[in-house]
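We name chains A, B, ... by the order of the sequence lines, and we start the count at 1 in each one. Predicted model only: the values in this text are computed from it and were never measured.
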Amino acid sequence: MQIASLLKQRLAAALAHLVDDPDEVAQMLRPTQDPRFGDYQANCAMPLKQRLNRPPREIAQQIVDHLQVADLCHEPEIAGPGFINLRLRDDWIGEAATALLDDSALGVEPPEQPRTLLIDFSSPNVAKPMHVGHIRSTVIGDALARCFRFLGHRVITDNHLGDWGTQFGMIIYGYKHFVDQAAFEAAPVAELVRLYRMVNSLIDYHSAVVALPEARTTAETLREEADQARQAAQDIEDKAERKRHKKQSDALSRRAAAAADKVVGLQHKVDAVEADDTLLAVAGQHTTIATDVLNETAKLHQGDPENRALWDRFLPHCQDEINRVYQRLDIHFDHTLGESFYHPMLPGVVQELKEAGLARDSEGAVCIFLPDFDAPMIIQKKDGAFLYGTTDLATLKYRNEHFAADEILYVVDSRQSDHFDKLFAVAPLIGLGHLRLRHVNFGTVLGEDGKPLKTRSGNNAGLEGLLDDAVAAAMDAVCDPDRTAKLDPPLSEAERQRIARVIGHGAIKYADLAHHRTSDYRFSLQKMVALEGNTVAYLQYAYARTQGILRAGQTSEDDVRKAEHPISVAADAERSLALALLRLPEALQQVADDYAPSALVDYLYETARKYMVFNDNCPVWKADDPAVQASRLALVVATSRVIRTGLGLLGIEVVERM
RNA sequence: GCCCUCAUAGCUCAACUGGAUAGAGCAGCGCACUUCUAAUGCGCAGGUUGUAGGUUCGAGUCCUACUGGGGGUACCA
């Protein structure tokens, strides 16, 4: 049962006497921020002032007069300008919490209208190593899939792999010119990665050599301007005026620093090749590598047998590579239909759009011009190649025909919002207006310096290395012998390994999901594996404590459930914990409404904290009264189930001891 | 240039979509271990929510302008 919706129903019934849209008005029910105002507050009296032309407190009184909540709440109170404060009865909380023990859905009720959602997430480019940038889409998409399923909706997950792009042109080119056959036979993926990196650095080298002089000039100019602006600012007498100029000169300085950074970055790319005489010689022999790579890609797309054979040979290895990461992270897809799958459909898509008069030639390319957009969606380049807009349209049509989804979520970087705005604008024009399309966008992962996370070489930090680092850091932090010394029996090596793995991987997922998806967030390995604060270790510890109590009493969750002892809340810590446990459905509703798993993280952290307070104040086995003992034990079990289930919905496992 | 997005405590982030005195954590200071794991709990301190206006019973949240960060902007994805 969901408390908030139950109260909303009651509220709506009371409002039916006053307004003709009671259900809508009843939505203005919120949990209170301050326990002094009870547990929930109805805020609908104030806004009704105009509509009913009466003072809000009077309206509130009328609502309260009709409000039938005596079975759930104490007498409602009207406070301030017209808030209606509701305080749940302790006996009701106890009964509801007791019911939780026998409910595998933990209070979640089947939806009135189950939806079918197709979630498109992760979607890495294969053939290059997965990096930290893929983490957000993967982790958020997986958590959303788990949450929507738990809420009773039908979910189809699809990994729209980038398996047909320029990166294959790069490794095909690399293979043709630089392959080490022995290395390829021995470890194909490693060799392909080496080839990818080599070709990439050669392309970067040539473009950096060209770009460097202008970047230097720009950096110098900006530097001078910034210096001048700072000087000028110092000479200004008027204080306010000086402050304003200072601000502007600071901005200029930052821009100058960024330009200088860019020069350093370019120089780095040049140095990377020039430091190695062999590589430099190779660079000299492959001056047109950038366009040659595009040609290899184009040949692949046009069905060139040699390139197609190479692609067929490379792809399984590339898939093994990413599947290893998914396996590690316990992430699964119903479908993996990459770009290559849609490639044969693209000419037909363009043809149809042209025939329908939606697309037309412009500057040699085939474009869909849309009102409200400056630039068109280009679906075929002047050289005949197709673009991701084309693929996305083909994908949309295919999904519509094969998956009967009523909603499609694209868990993709915020930077692509323009693209999705266009895609979603085209959809109704091609008869797909019935699909609810949603760009579930997310922000960038930043390093500790506030810049997008990169390694020192300028490449994106590799994902597997990151996971290894997290597991190692978790081992150091969580399996510190001083801390685990009191565990009896002592932790075995296998148990330590498992704890480090669960906490390490969990830390990465948790830190990502803890931030609202739309904001950028600062990635700090040290903070995410920390034991204090809003971290996965804190939740794991709370969970481990619940298990510790069961062990101490030589009992199990099943035994406690079968005993059917009622929960009754007396102490504040018991009440507040029990109420928190009843709110999982509310938290999940929020996740679904915003497509934002962070709401579940906040909820779980809040619940774990309340459990910790309970744990400190309400001993189980030392309680004198057997009824109190049984009630607290039942609360412990309910907590353990909520935390385990909640973390599971985030894709995170639990450990029994730590 | 135009469009999108962000700006909240020293730091990292919340704030249930317009509700009451803006909350957590970290860092700092203090208190509590004979324990079902102190990997915890409690307390103190920390804020003109970037600036200036506006909308209304009520604004961190909405509108306008400005300042600053990030991103995008016709053939990469």
Please pick, from B/C76, B/G72, B/A74, the nucleotide with the shortest atom-to-atom distance to any side-chain atom of A/Asp418. B/G72
Select base, sugar-phosphate, or nothing to describe what A/Phe523 touches, counting heavy atoms under 4.0 Å on all strands. nothing
What is the distance from CG of A/Leu446 to P of B/G71, rounded to the nearest Å? 10 Å
Just wondering, do A/Phe83 and B/G19 stack (centres under 5.5 Å, planes under 30°)? no
If the cut-off is 4.0 Å, is A/Lys486 near the phosphate of B/A39, judged by side-chain N/O to OP1 or OP2? yes
Expressed as a whole number of Å, how far does the P atom of B/G60 sit from that of B/G54? 15 Å
d(NE2, A/His516; C1', B/G25) in whole Å: 19 Å
Report the C-alpha separation of A/Thr390 and A/Gln380 in whole Å, then their side-chain angles, then the decisive distance to 0.1 Å, and conclude whether the side chain to side chain donor-acceptor pair (under 3.5 Å) test is met. CA-CA 7 Å; A/Thr390 332; A/Gln380 188 167 20; over 6 Å; no
For A/Cys44, report the nucleic acid contact type (base, sugar-phosphate, nothing); a contact means any heavy atom under 4.0 Å. nothing
Protein-nucleotide distance (A/Glu24, atom CD; B/G18, atom C1'), rounded to Å: 16 Å
Looking at A/Ser519, I'd like to know whether one of its side-chain N or O atoms comes within less than 4.0 Å of OP1 or OP2 on B/A7. no
How would you label the contact of A/Glu532 with the nucleic acid (heavy atoms, under 4.0 Å): base, sugar-phosphate, or nothing? sugar-phosphate
Salt bridge or not between A/Glu363 and A/Lys382? Use side-chain N to carboxylate O under 4.0 Å. no
Residue-phosphate contact under 4.0 Å: A/Gln50 side-chain N/O, B/C57 OP1/OP2: yes
Going by ring pair (Phe, Tyr, Trp, His ring centres under 6.0 Å), A/His160 matches just one of A/Tyr410, A/Phe341, A/Tyr342, A/Phe121. Which one? A/Tyr342
For A/Gly548, answer base if it contacts any base atom (sugar-phosphate contacts may also be present), sugar-phosphate if it contacts only those atoms, and nothing otherwise; contact means non-hydrogen atoms under 4.0 Å. sugar-phosphate
Assign A/Glu339 to base, sugar-phosphate, or nothing according to its heavy-atom contacts below 4.0 angstrom with the strands shown. sugar-phosphate
